[in-house]
Amino acid sequence: MLVLGTAASLGRLVGARVLLAAGALAAGTWWLWLLLAGLEDAFTDPSLAGLWTSPNALPLLGAAALLVCLAALLHPGRGTWVSASGAATIVTLLLAVPAVDEGVTTIGLTLFAALVAWSAVAVAAWRVVTFGPLALVAVPAVAFTAAHVLVAVERVWSLGIPFASTAGVRLGSLVPDTSPLLLVPLVAALLAAAWVATPLPRDRFVAAALLVVAATATVASYAVPLAVVLGLLAVAAVAAAWLGRPIVASVVIVVTISAALPSAVLTLLVCAVAVAVAALLLRSRDRVSTTVGGLLLPAASAAALWSGAEVADVAVDLRAIPVLIVAGLLAIARPRVEVEASAVLAGLVAALASLDAAPDQPTALAVHLTVAGVLVILSSLLHQDRRVLAWPGGVLLAAATWVRLADLGVEAPEAYTLPSAVVLIMVALYRLQRTPESRTALLVPGLTLATVPSLLWVLADPVSPRAVLLGGACLGLVLVGAHFRWSAPLAVGALVGGLLVVREVAPYASDLPQWVLIGFAGTILTVVGVTWEQRVLELRRATSYLGRLR
């Protein structure tokens, strides 16, 4: 007691810095003595199993003893706890390193024992002292569990190509050097150590999720049927959805579907579970849950239909139609952006896969475009806030028509443009009837689509029945516009008809002598110059007349 009292008084007199310097000097002297004694580096011995009884442990013991002395001599405070934690870390390292030569199972047991022991110390008395040893043990423990989980994942995902195995497919045999039974105890010990030694929140759901991952990886490490692993993951996904964890539920169900791909039957069952998970999420009042459920439902339904078609041995080129119909009906039943986006993506993927296997790709493409266009237009008709979808729906139907016409060898432009032009004109006429104050400019897109493609064709081939029909149509537009006082038909008919007349007269004009053309142009210019004021007045009257038209 007298010696300890004297040492404590000395420590208070000389201060912490002097003691730290003295400790460093003592440690250096200790290492010099070891070198002079002929000892080699402490860890050059290829075998670590006998480190406890080897002189190589002396440097670590000396360092730990110095830190203990510093902890005893310093005033209670941060320096004392740091020194004590350092000494505990060195002792833990000295006791645990020999297990490296004893195999994977011994390493896992050693890590588990160290975590449990220091967690008990943290609960019983000195939590601050356990920071160092727990951090030292936690790093290899996390690496140990992560390595085993990755091995289990690789075993599941290396079973084979999609839809190539039966529902009874099994995982491979267990590697002898592994110790998967330690996964759950190690994860539990890591969670306990994190809770008792750090201020991290004690989230029970996160803890349960990590334990479920460890348990699933443990099961997947043995030669069990794949259905057992998928069942555990499916139950976890349903539980996460039930507890209101949409992100976790969606990630787990996606992983489960990817793991089930080797068997079509298992994929069908997992996709059915995914549909149930999406339905659970959609029933929630949480915005995130409903959004995730809306994204998951069409995709899961499409995957279930595709895998069901594989089980029923339906040809690949026929599978996209039911997928498109179901995805489209889901988007119609729940008109939300996330549902519609997922439905579009699912339908696109299914259509591309079916087209790749179709013997007659143009016909199949036309059918897929028609089905998609009908569904999009149906959504626009049933939901007032989705009226804008009528335009992409019309584009899809027009594209389907064009693909089919091209496949049949049709080259006339009117076959491609007139159906869409008629639809646009009918929509514009309906709008003009419903809202009398609307301008007839609504007719311009449809009239342009009906006349301009034919005009371009006539410019290349002026002498043809098409030119006669186009001229008659332009004359009819001018008469209709003048009769109903509509500016759009009058302007389109006059402009297109004028260009048509110029194109028809051009060949004859080129055959006339040049002096006739020059004289004719001079005469016109002279007449215009003499009657310039009258022509300007007439132009203003015509402009005013067109402006008064509807």
Side-chain angles (χ1 to χ4, degrees), residues 148-175 178 180-181 183-184 209 212-242 248-281 296-323 325-327 330 342 346 349-350 352-354 356-357:
H148 280 71
V149 170
L150 290 177
V151 170
V153 171
E154 193 275 334
R155 284 168 54 82
V156 172
W157 284 350
S158 62
L159 285 178
I161 61 177
F163 301 161
S165 303
T166 62
V169 59
R170 302 176 67 90
L171 300 176
S173 301
L174 177 66
V175 179
T178 58
L181 290 177
L183 281 177
V184 175
V212 168
V213 171
T216 306
T218 300
V219 173
S221 299
Y222 293 91
V224 298
L226 179 61
V228 176
V229 179
L230 298 178
L232 292 175
L233 293 174
V235 171
V238 174
W242 183 267
V248 176
S250 60
V251 170
V252 173
I253 202 64
V254 169
V255 171
T256 308
I257 293 174
S258 63
L261 287 178
S263 170
V265 176
L266 295 178
T267 304
L268 175 60
L269 295 176
V270 172
C271 289
V273 175
V275 173
V277 169
L280 282 176
L281 295 176
L296 182 61
L297 182 60
S301 302
L305 286 172
W306 192 275
S307 54
E310 177 68 24
V311 173
D313 199 20
V314 177
V316 176
D317 59 304
L318 301 178
R319 298 179 187 177
I321 300 299
V323 171
I325 293 175
V326 171
L330 288 174
S342 181
V349 173
L352 291 176
S354 291
D356 186 62

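Residue numbers count from 1 along this sequence. Computed from heavy atoms alone, side chains included, the values below leave out hydrogens, waters and symmetry copies.
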>> Show the nearest heavy-atom pair for residues Val248 and Ala240, with the distance to one decimal.
In response: CG1-CB, 4.1 Å
> Roughly how far, to the nearest 0.5 Å, is CD1 of Ile321 from OG of Ser354?
Replying inline: 7.5 Å
> Does the side chain of Thr166 come within less than 4.5 Å of Val265's, by heavy atoms?
Replying inline: no
> Ala260 and Thr267: which non-hydrogen atoms are nearest, and at how many Å?
Replying inline: O-OG1, 2.7 Å
>> Nearest 0.5 angstrom please: Leu159 CG to Leu171 CG, how far?
In response: 5.5 Å
>> So which atom in Ala217 and which in Leu183 form the shortest heavy-atom distance, rounded to 0.1 Å?
In response: CB-CD1, 3.9 Å
> Going from CD1 on Ile257 to CG on Leu296, what distance comes out if it is rounded to the nearest 0.5 angstrom?
Replying inline: 7.0 Å
>> Quick check: closest heavy atoms across Ala302 and Ala346, and the distance to 0.1 Å?
In response: CB-CB, 3.7 Å
> Going through the checks in order, is the side chain to side chain contact (heavy atoms under 4.5 Å, CB included) test met by Val314 and Trp306?
Replying inline: CA-CA 9 Å; Val314 177; Trp306 192 275; over 6 Å; no
>> Is the shortest side-chain heavy-atom distance between Ser301 and Leu330 below 4.5 Å?
In response: yes
>> Just so I know, are the side chains of Leu230 and Leu269 near enough to count as touching, which here means a heavy-atom distance under 4.5 Å?
In response: no
>> Rounded to the nearest 0.5 Å, what separates atom OG in Ser165 from atom CG in Leu226?
In response: 8.5 Å
> Between Val273 and Thr256, is any pair of side-chain heavy atoms under 4.5 Å apart?
Replying inline: no
>> If I compare all heavy atoms of Cys271 with all of Ala303, which pair ends up nearest, and what's the gap?
In response: SG-CB, 3.5 Å
> Under the side chain to side chain contact (heavy atoms under 4.5 Å, CB included) criterion, do Val169 and Leu266 qualify, and how do the steps go?
Replying inline: CA-CA 10 Å; Val169 59; Leu266 295 178; 4.3 Å; yes
> Leu232 versus Val212: any side-chain heavy-atom pair under 4.5 Å?
Replying inline: no
> Between Ala223 and Arg170, which heavy-atom pair has the shortest distance, and what is it?
Replying inline: O-NH2, 2.6 Å
>> Is it the case that the side chain of Thr218 and the backbone of Pro180 share a donor-acceptor pair, with hydrogens and angles ignored and the cut-off at 3.5 Å?
In response: yes
> Would you say the side chain of Val229 lies within less than 4.5 Å of the side chain of Tyr222, judging by non-hydrogen atoms?
Replying inline: no
